[in-house]
Amino acid sequence: MIKYLIQLIYPNTCICCHKHLVDTETFVCTQCLLELPATNFHLTHNNDLEKLFWGRINIERAIALFFYKKGGKTAKILHALKYHDTPEIAEFLGRYYGTFLKDFVKENKIDAVVAIPLHKNKLHTRGYNQSEKLAAGLADTLAIENLSNNITRNKFTETQTKKSRLERSDNVNKVFEVNDIKMFKNKHILLIDDVITTGATIDSCANEILQISNCKVSVAGLAFAYHGV
């Protein structure tokens, strides 16, 4: 009865379609999950996201769970992820993502996840780093290390939203710093971001990690803003 009354006052609704969720659903209804545009990049070598980084940086694999399209359901999820003050959504999606990546992690011998960090000023404003929460959910499902606290964003950068590819690259040039090199040495790192567009932020962060001896980097975004979709 108490649970029923709470749901009347604070209805538990899908963040995509706003319909009421049933007891077995969390944040996103089953119908919307099925309708999200899956990339299946974790099953495909030389996919479109990997091609984005060709000739730019030496990564092993690059994958994303969903395609991003402005106004689409993935966009609604990402908006909720960043601006609705609900870090639990990011952790849920990280755990959901992880269910698809168990074989991928084994086959590629990935040792740890690392989230793209936020600058402390932006972290203070938002209250949490959505990519870090994604990484936490992934690490939990995949039973691997989460080393997100070993890299720092030491330069505050302007929003990337309205910048060109070249401007984005300049905006994130040399803004990341590894705190303890030994923690990354001899490891294959899965670098986590919420949405990948030009890949400029990934370039900058991965470049710092790849300077460490015998360290490899793969990339996993929750979404990929691909112009072909």
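Sequential numbering from 1 along the given sequence is applied to the chain's residues.
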Just by modelled atom types, is the [Y] backbone N or O under 3.5 Å from a matching donor or acceptor in the [X] side chain?
| X | Y | value |
| --- | --- | --- |
| Ser213 | Lys185 | no |
| His188 | Asn108 | yes |
| Thr74 | Phe67 | yes |
| Lys109 | Val105 | no |

Open item on the list: We want to know whether Asn179 and Thr152 form a side-chain donor-acceptor pair, criterion being a heavy-atom distance below 3.5 angstrom.
Closed with: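 Thr152 and Asn179 do have a side-chain donor-acceptor pair below 3.5 Å.
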Nearest 0.5 Å, what's the [atom1]-[atom2] distance between [X] and [Y]?
| X | Y | atom1 | atom2 | value |
| --- | --- | --- | --- | --- |
| Leu78 | Leu222 | CG | CG | 5.5 Å |
| Cys32 | Lys76 | SG | NZ | 7.5 Å |
| Ile196 | Tyr68 | CD1 | OH | 14.0 Å |
| Glu208 | Asn154 | CD | CG | 8.5 Å |
| Ile189 | Ser218 | CD1 | OG | 10.0 Å |
| Thr198 | Phe53 | OG1 | CZ | 8.5 Å |

Give the table of side-chain donor-acceptor pairs shorter than 3.5 Å for residues 139-151, with sequence neighbours excluded, one pair per line with atom names and distance.
unit_1 : atom_1 : unit_2 : atom_2 : d
Thr141 : OG1    : Arg95  : O      : 3.2
Thr141 : OG1    : Gly137 : O      : 3.3
Asn146 : OD1    : Ser148 : N      : 3.2
Asn146 : OD1    : Ser148 : OG     : 2.6
Ser148 : OG     : Ala115 : N      : 2.9
Asn150 : OD1    : Asp180 : N      : 2.9
Asn150 : ND2    : Asp180 : O      : 2.9

Open item on the list: Tell me whether Val217 shares a hydrophobic cluster with Ile181, the cluster being built from Ile, Leu, Val, Met, Phe, Trp, Tyr side chains joined at under 4.5 Å.
Closed with: yes
Restricting to non-hydrogen atoms, name the atom on [X] and the atom on [Y] that form the minimum distance, rounded to 0.1 Å.
| X | Y | answer |
| --- | --- | --- |
| Glu25 | Asn12 | O-ND2, 4.5 Å |
| Tyr97 | Ala220 | OH-CB, 3.9 Å |
| Ile57 | Ala206 | CD1-CB, 3.6 Å |
| His119 | Lys155 | CD2-C, 3.4 Å |
| Ile89 | Ala80 | CD1-CB, 4.1 Å |
| His45 | Arg61 | CE1-NH1, 3.3 Å |

Task: Within 6.0 angstrom of Leu43 CG, more than 12 heavy atoms from elsewhere - done: yes
Task: Parallel, tilted or perpendicular, as decided by the 30° and 60° cut-offs, for the rings of Phe27 and Phe92 - done: tilted
Task: Geometric class of the Tyr83/His79 ring pair [parallel <30°, tilted 30-60°, perpendicular >60°] - done: tilted
TODO: Determine whether Ile192 and Val114 make a side-chain contact, defined as any pair of heavy atoms from C-beta on separated by less than 4.5 Å.
DONE: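 No. Closest side-chain heavy atoms not under 4.5 Å.
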- [ ] Answer yes or no: is there a side-chain heavy-atom contact under 4.5 Å between Tyr96 and Thr26?
- [x]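 Not touching, per the 4.5 Å side-chain cut-off.
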TODO: Taking the six-membered ring for Trp and the single ring otherwise, decide whether the centroids of Phe100 and Phe104 are under 6.0 Å apart.
DONE: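 Centroid distance Phe100-Phe104: not below 6.0 Å, so no.
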Which side-chain N or O atoms in residues 123-135 pair as donor and acceptor under 3.5 Å with protein atoms at least two apart or in another chain?
unit_1 : atom_1 : unit_2 : atom_2 : d
Thr125 : OG1    : Asn121 : O      : 3.1
Arg126 : NH1    : Gln130 : OE1    : 2.7
Tyr128 : OH     : Leu81  : O      : 2.6
Tyr128 : OH     : Thr86  : N      : 3.4
Asn129 : OD1    : Ser131 : N      : 3.0
Asn129 : ND2    : Ile116 : O      : 3.0
Gln130 : NE2    : Asp194 : OD2    : 3.0
Ser131 : OG     : Asp193 : OD1    : 3.3
Ser131 : OG     : Asp194 : N      : 3.3

